[in-house]
Amino acid sequence: MKVFVTRLLPDTVMGRLELSKEISELRVNREDRPLTRKELEDGVGWCDIILSQLVDSIDSSLMNINPDLKLIANYAVGFNNIDVAAATEKKIPVTNTPGVLTETTADLTWALLMAISRRIVEADDFMRSGKYEAWSPTLLMGSDVHSKTLGIIGFGRIGFALAKRAQGFGMNILYSDVEEKSFASEVGAKYTDMYSLLKQSDFVSLHPFYDEKSHHLISERELKVMKPTSYLINVSRGPVIDEKALVNALSNREITGAALDVFENEPDMEPGLTDLDNVIIVPHIGSATLDTRTAMGNIAVENILAKINNSDLPSCVNPEVL
Ligand code: DGY
């Protein structure tokens, strides 16, 4: 089968694809940029299997270009770039890369939480610009993390992994989700509704599954419920936050700070966001370690090989098509 890879993956993953005897032809975008729509359309028209990225919009009209498309193997745990309902209707299996990025993404969430509360980015800028003259009792004061309350919205794999880290810091852990999770007691996390979580938490971290129900889950109303001393962290999907409302809340100091790995209109950012000193912004690097990005690639390759060999797909998100 012919496999189309929309962007270069880590070397060992590319090696596996290039050396595979099962793949008859491989077409790879070797340029360090996302494909244009036209290039994506050409590739989809040519291939049997597409190994896609979050930035590739795999919608119904793209799938229509190739009625014989056999598999969409997405290189991410999330798959909001794919119209899964359309793929299901056309009987195309869609796979993702779950599990392997949980701890790595929780690590970045923790790094952002620590960095925003202790003003690490501001402090680094301060040093580099030669402003440090003498120790001062009030210089760059931040907020404690230990013993504070962490509210986790969406208590799946990553939320749970974050709670494990928070336990080590003696935090009081709250979580909200569509239903109570039995495993929450393992990390001492208490279930509550989202508004009471927002009211009580010193740190709010977002980890919901992104769909129409979680679109703008955090907007003006929710930001007003949060404590003025609190921080918001988002490593899930940008549109979970109404970014305009967040810029207003941060400008008016309705909350103390925010740390964001994802943005509502990625790669663009809401005007005003980059002018604020109480926000840390990083470019969607939650899973960006060599080990994890390699492991994600390996899962994508295993899904592709399974499809070619007609065996069970390790991580299919629409198994009803099988
Ligand atoms: C995902 O996998 O969904 C992340 O957003 C990128 O690793």
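Between R16 and E302, at least one side-chain nitrogen of the basic residue sits less than 4.0 Å from a carboxylate oxygen of the acidic one, meeting the salt-bridge criterion. The residues E103 and K164 are annotated as salt-bridged, a charged nitrogen and a carboxylate oxygen being separated by less than 4.0 angstrom. A salt bridge links D59 with R37: at least one charged nitrogen is closer than 4.0 Å to a carboxylate oxygen. Taking 4.0 Å as the cut-off between side-chain N and carboxylate O, D125 and K131 do not count as a salt-bridged pair. Look at K181 and E186 and you find no salt bridge, because none of the NZ, NE, NH1 or NH2 atoms lies under 4.0 Å from a carboxylate O.
Counting heavy atoms of neighbouring residues, nucleotides and ligands inside a 6.0 Å radius, atom CZ of R128 does not exceed 12 of them. Open room surrounds CZ on R118; 12 or fewer heavy atoms of other groups in view lie less than 6.0 Å from it. For CD of E18, the number of neighbouring non-hydrogen atoms (other residues, nucleotides, ligands) closer than 6.0 Å is greater than 12. The 12-atom threshold is exceeded at CD of E266, counting heavy atoms of other residues, nucleotides or ligands nearer than 6.0 Å. Atom CD of E320 has more than 12 neighbouring heavy atoms from other residues, nucleotides or ligands inside a 6.0 Å radius.
In this structure, the side chain of D261 engages the main chain of I285 through a donor-acceptor pair within 3.5 Å. Proximity of a side-chain donor or acceptor of T97 to a complementary backbone N or O of A76 within less than 3.5 Å is detected. Formation of a donor-acceptor pair under 3.5 Å by the K227 side chain with backbone atoms of Q200 is found in this model. A donor-acceptor pair under 3.5 Å links the side-chain atoms of Y75 to the main chain of R293, judged by distance alone.
Legend: residues meeting salt bridge (Lys or Arg N to Asp or Glu O under 4.0 Å) with D32, ordered by chain and number and at least two apart, are R7.
Using a 4.5 Å cut-off on side-chain heavy atoms (C-beta onward), P208 and S236 make contact. Here the side chains of I308 and D48 are not in contact, with every heavy-atom distance at 4.5 Å or above. Using a 4.5 Å cut-off on side-chain heavy atoms (C-beta onward), L305 and S20 make contact. M194 is listed as a side-chain neighbour of L217, based on a closest heavy-atom distance under 4.5 Å. M1 is not listed as a side-chain neighbour of L71, based on a closest heavy-atom distance of 4.5 Å or more. When side chains are defined from C-beta on, N298 counts as touching V13, because their heavy atoms get closer than 4.5 Å. Within the 4.5 Å cutoff, the side chain of H207 has no heavy atoms near those of the F155 side chain. In this structure, V204 and I255 have side chains that are not in contact, with every pair of non-hydrogen atoms separated by 4.5 Å or more.
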Exercise for review: Would you sort out whether L150 and L162 count as a side chain to side chain contact (heavy atoms under 4.5 Å, CB included), showing the intermediate values?
Suggested key: CA-CA 10 Å; L150 169 65; L162 181 66; 4.1 Å; yes
Exercise for review: Start with the C-alpha distance between T6 and N29, add both sets of side-chain angles, then the distance that settles side chain to side chain donor-acceptor pair (under 3.5 Å), and finish with yes or no.
Suggested key: CA-CA 5 Å; T6 65; N29 166 24; over 6 Å; no
Practice item. Evaluate the criterion salt bridge (Lys or Arg N to Asp or Glu O under 4.0 Å) for residue pair D107 and R165; output intermediate values, then yes/no. Key: CA-CA 8 Å; D107 282 349; R165 286 152 180 77; 2.8 Å; yes
Exercise for review: Decide side chain to side chain donor-acceptor pair (under 3.5 Å) for S315 and N303; before the verdict, give the C-alpha distance in whole Å, the side-chain angles of both, and the deciding distance to 0.1 Å.
Suggested key: CA-CA 7 Å; S315 51; N303 277 298; 2.9 Å; yes
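The aromatic rings of F79 and F209 sit tilted relative to each other, their planes meeting at an angle between 30° and 60°. Taking the six-membered ring for Trp and thresholds of 30 and 60 degrees, F4 and W46 have ring planes more than 60 degrees apart, a perpendicular arrangement.
A distance of 8.5 Å separates OG of S117 from CG of D144, quoted to the nearest 0.5 Å. The CG atom of L35 sits 6.0 Å away from atom CG of L40, with the distance rounded to the nearest 0.5 Å. Between the CD1 atom of I72 and the CG atom of N318 there is a distance of 8.0 Å, given to the nearest 0.5 Å. Between N81 atom CG and S52 atom OG the span is 5.5 Å, to the nearest 0.5 Å. Of the inter-residue distances, the one linking I116 atom CD1 with I280 atom CD1 reads 4.0 Å to the nearest 0.5 angstrom.
The minimum heavy-atom distance linking L62 with V44 is given by the pair O-CG1, 3.6 Å.
Donor-acceptor pairing under 3.5 Å is lacking for the side chains of E220 and N248. Between the side chains of Y195 and E222, at least one donor-acceptor pair of N or O atoms lies under 3.5 Å.
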